[in-house]
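Everything numeric in this text was worked out from a predicted model, so none of it was measured. Reckoned from all heavy atoms, side chains included, excluding hydrogens, waters and symmetry mates. Residues: numbered from 1 along the sequence shown.
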Amino acid sequence: AGTPEASLTFVPDESGMRVNKKYSCLPAEEKGIHIINIRAIEDIGYDQHESTLLNSLSKNPDADCKYGLYFRDGKRKVDYILVYHYKKSSAGRTLTRRSQHNDAGARSTKQDPLPGKSLQMEMGESEPHADCHEDDKRFRREEYEGNLVEAGLELEHDEDTKIHGVGFVKIHAPWNVLCREAEFLKLKMPTKKMYQINQTHGLLKKINSVIQKITEPIQPKVAEHKPQTVKRLSYPFSREKQHLFDLSDRDSFFDSKTRSSAFVLVLIAPFLLANGVYSAAYPLHDLLCEEWASYGVFYKYQPIDLVRKYFGEKIGLYFAWLGVYTQMLIPASIVGIIVFLYGCATVDENIPSMEMCDERNNITMCPLCDRTCSYWKMSSACATARASHLFDNPATVFFSVFMALWAATFMEHWKRKQMRLNYRWDLTGFEEEEAHPRAEYEAKVLEKSLRKEHKHKETDKEKLTWKDRFPAYLTNFVGIIFMVGLTFAIVFGVIIYRISTAAALAISATPSGRSSVRVTVTATAVIINLVVIIFLDEVYGCIARWLTQIEVPKTDKNFEERLIFKAFLLKFVNAYTPIFYVAFFKGRFVGRPGDYVYIFHSFRMEECAPGGCLMELCIQLSIIMLGKQLIQNNLFEIGIPKMKKFIRYMKLKRRRSLDHEEHMKKKQRYEVDYNLEPFSGLTPEYMEMIIQFGFVTLFVASFPLAPLFALLNNIIEIRLDAKKFVTELRRPVAVRAKDIGIWYNILRGIGKLAVIINAFVISFTSDFIPRLVYLYMYSENGTMHGFVNHTLSSFNVSDFQAGTAPNDPMELGYEVQICRYKDYREPPWSENKYDISKDFWAVLAARLAFVIVFQNLVMFMSDFVDWIIPDIPKDISQQIHKEKVLMVEVFMREEQGKLQMLETWKDKDKKKGENCNNHSPRLSLSHSGSLSSCHSYPVDV
């Protein structure tokens, strides 16, 4: 009892008094690993013969705890862990703290001194006093833990760990506490009543059986994923109606997810973490199926039900959504590959690119920059023209329509899948209760109340109004405007880089190397954009969190929604601004030879290639999309967490005592989990996929292979996230949710925006509309011959402004009098030379008409898909109705049973009364007590 290794456990006794109980370690043979395995397997829902499917989350031998998942008695399971730092100067210091905590738990000052009390007095005099800050933390911990014990929880301290200076509070929720919290949370639990799930018949049954046989190799080998024919009727848990529920095995009735979620209400103390009283709080990892968190099963479906049992509904819905999204990318990828192959197959038959590559046409183009650039042949851009056809062909229009309908179908498919999951997970009647106010909000309200009390004002229940938050709102507005302006400024800086670098390379490059100047400048500029985007993504994420914190939202849900909105707005602008510039602004405000538009009176605005800007848009989109995925996945999601874990490990190793006995200790499960990265929410995971969804849908007309690259990334992403959640992050507290929240609205918004953007990309960025106009209005023989010449205007080199003509006009070997440039303008021999021609207005009218028709037609088709597909599958609506009917029957039978029991009691009372009345009057008078005893005879039920 006098050693610091002794561990104290606090349990509430039957009278409500807090008593302290000391547990000694079990013998080695009683603490075998089989206890943990069997109990954890039962907790997850597996039979013992299926335990081969389960494995420890970490291969580290130190993490293979023998009793780290249980209290020292080996019976009570650790449901939650609180971690704190303390100054461990000697063995007596630890004992002092424990004895003080023990003494604080006693309600009577007349109790006998606890073991170690005298030792505390002796050692306390010799030790220097701890600083006030540490004493305050210790006092607040003791007060808080005392409240937990009064709430019915059982605690056990452990400061004798391998991590020096870190103590752990193990918390166990007994049966009565779990019942109380389950009733308060209205958790639906399985009852004894079972019913048959409606099965398909006839042709549908045969089709389903064929599909099951085909997909059997890609199904996870877990019990939860097998098709069920029987389901238990679920009902919100009630302590008064425990007889309705299946309590045959109380240990597994509340699974680990339910046990940890019960602490959401009991352990509402984020301010203790914020103030450093506790350094961490988390439930423990135990076991999870190896059919999920492994790269070797990338081709299989996810065991979503098992993920939900382990992490809760909110995280389960994220992985379910990610799985549905990845599945839906398969048909989109196939169609995208077909469109790309169509472009490859028809590139040699494309007349405009053939005309551009034909050197016999001898088309001389105007210089791309002033003075240093000379005239050039259009045939030198042959490679760019041929590559543009791979992505700029009639099939891309069809693909844009297809992807718009695909997005609408995906959203409807997810809604139906979500309803199926709600039915399977007993969330059909779940409604989110009003959440508890955040600690920061309550602190601000308290501060406001104290200010009013100081001014001697009578106040009702205070709350934060818009006037209190006005400075924060103003800061948010100014901050977001500044961040958006910063993004635009960086894009503008990259534009200046492109223009100046192109001019510099044109001067220094050899004649053969000048043809690759455009590709070199584009590639380097996109890489710069990529690096800036990834850097600003992290900066904007931190700024969005800070801006949300100063608003002081009332609840965690409000905080999360505001954070998501700000982070998405900033990251959307950051990721897509360079792409929007190339798609809609580059080459639009160039001017013409002799009257170019200049930036700062020195830099000429850059032009698109002769084949159009679509190829450059494709390069920009592909590099940013692929680079962002590869760098964020490999560096941020794998490298940085491992680096943080390594740094944390080195710090702990540096602080660790050199005592050999302490070094040889075996790590407990809660020590291993403490070294993991804290869970920071699902916002980064969703945000990454939402930005990717934008790449797949917004500019898909310029890059049909985007769904394919997204599919390949997501196949790895699912297993990467799974591995990260079970090996790199502390286990989060299970949170119930019936949908993905605000992310669904963001997805719908992106889907609607994609229709508009693709309409403008096809109309204004590609040459689809000019080709149609030429084919039906200007072509002499109904073919595309002469299209290139039709899109080029002529310029007389004598009209160059002073100082802008090429320094070497004879570079091509002949004198140039007329050069060509891409625009619809009057020729120099016209009366209104260089004015915009009628052809320009005809093409512009066709482009605007196409935008209007395309947008309205596709929007109508999307809404039609949304309307024709019901949100709730018919079989699920039938099952929900069946459950309601069965629940009514159960309660009707219960009421009938109660009435029968009452009638039975009445009959027994009536018979006993008649028996007593049959006695003689003399006997009744002489034995008056007998009659009364007859009527008061208790009925044994």
Side-chain angles (χ1 to χ4, degrees), residues 37 40-58 190 197 208 211-232 252 255-261 283 285-328 330 413-414 416-427 682 685 689 714-729 731-732 734-738 740:
N37 279 348
I41 291 166
E42 290 175 349
D43 182 48
I44 292 178
Y46 279 88
D47 297 327
Q48 188 172 354
H49 69 273
E50 293 174 327
S51 61
T52 54
L53 296 177
L54 302 167
N55 65 331
S56 180
L57 296 178
S58 177
I197 298 177
N208 288 337
I211 293 174
Q212 288 177 6
K213 289 180 181 178
I214 294 174
T215 59
E216 187 175 358
I218 60 175
Q219 300 290 346
K221 297 178 181 178
V222 295
E224 274 79 357
H225 207 79
K226 296 176 181 177
Q228 297 180 348
T229 58
V230 177
K231 187 178 184 293
R232 285 190 179 274
S252 62
D255 56 22
S256 58
K257 177 264 302 181
T258 306
R259 298 177 76 95
S260 67
S261 63
H285 281 297
D286 43 27
L287 300 171
L288 192 60
C289 183
E290 64 185 7
E291 286 285 318
W292 183 53
S294 173
Y295 294 111
V297 292
F298 70 91
Y299 60 93
K300 291 189 176 183
Y301 287 98
Q302 300 180 83
I304 292 298
D305 291 334
L306 192 59
V307 175
R308 171 252 178 178
K309 278 190 175 182
Y310 192 80
F311 288 112
E313 286 80 5
K314 191 170 185 178
I315 294 178
L317 281 172
Y318 163 70
F319 281 102
W321 174 83
L322 184 56
V324 170
Y325 172 46
T326 305
Q327 290 174 28
M328 289 295 293
I330 295 175
H413 178 50
W414 167 245
R416 291 169 63 85
K417 176 70 173 180
Q418 195 170 250
M419 281 305 304
R420 289 189 181 277
L421 292 177
N422 285 341
Y423 167 70
R424 270 164 44 191
W425 297 350
D426 298 321
L427 294 171
L682 288 170
E685 313 300 332
M689 290 295 104
N714 288 5
I715 290 173
I716 302 172
E717 178 75 17
I718 291 175
R719 308 304 164 179
L720 178 68
D721 283 349
K723 209 167 187 65
K724 182 175 69 175
F725 269 73
V726 299
T727 60
E728 301 294 337
L729 299 178
R731 185 177 180 181
V735 178
R736 287 195 300 168
K738 64 187 303 183
I740 60 176

field: From CG (Leu729) to CZ (Phe311), nearest 0.5 Å
entry: 8.5 Å

message: Within this structure, what is the OH-CD1 distance for the pair Tyr301 and Ile718, rounded to the nearest 0.5 Å?
response: 11.0 Å

message: Could you go through Gln327 and Lys417, starting from their C-alpha distance and side-chain angles, then the distance that decides it, and tell me whether this counts as side-chain contact (heavy atoms from CB on, under 4.5 Å)?
response: CA-CA 12 Å; Gln327 290 174 28; Lys417 176 70 173 180; over 6 Å; no

task: Working to the nearest 0.5 Å, report the span between CE of Met689 and OH of Tyr325.
output: 6.5 Å

Distance, nearest 0.5 Å, that separates CD of Glu717 from CG of Asn714: 6.5 Å

- prompt: When you measure from the side chain of Arg731 to the backbone N and O of Val726, does any donor-acceptor pair fall under 3.5 Å?
  reply: no

- prompt: What distance do Leu322 atom CG and Ile740 atom CD1 have between them, rounded to the nearest 0.5 Å?
  reply: 11.0 Å

query: Parallel, tilted or perpendicular for Phe319 and Phe725, by the 30°/60° rule?
result: perpendicular

message: Before you tell me yes or no, could you show the steps for Lys231 and Asp426 under salt bridge (Lys or Arg N to Asp or Glu O under 4.0 Å), namely the whole-Å CA-CA distance, both residues' side-chain angles and the distance that decides it to 0.1 Å?
response: CA-CA 11 Å; Lys231 187 178 184 293; Asp426 298 321; 3.0 Å; yes

message: Let me confirm one number: the CG-CH2 distance from Leu317 to Trp414, rounded to the nearest 0.5 Å.
response: 5.0 Å

message: With side-chain contact (heavy atoms from CB on, under 4.5 Å) as the criterion, how do Arg736 and Trp425 come out once you've worked through the C-alpha distance, each side chain's angles and the decisive distance to 0.1 Å?
response: CA-CA 10 Å; Arg736 287 195 300 168; Trp425 297 350; over 6 Å; no

message: Suppose we screen for side chain to side chain donor-acceptor pair (under 3.5 Å). Which residues come up paired with Asn422, at least two apart in sequence or across chains?
response: none

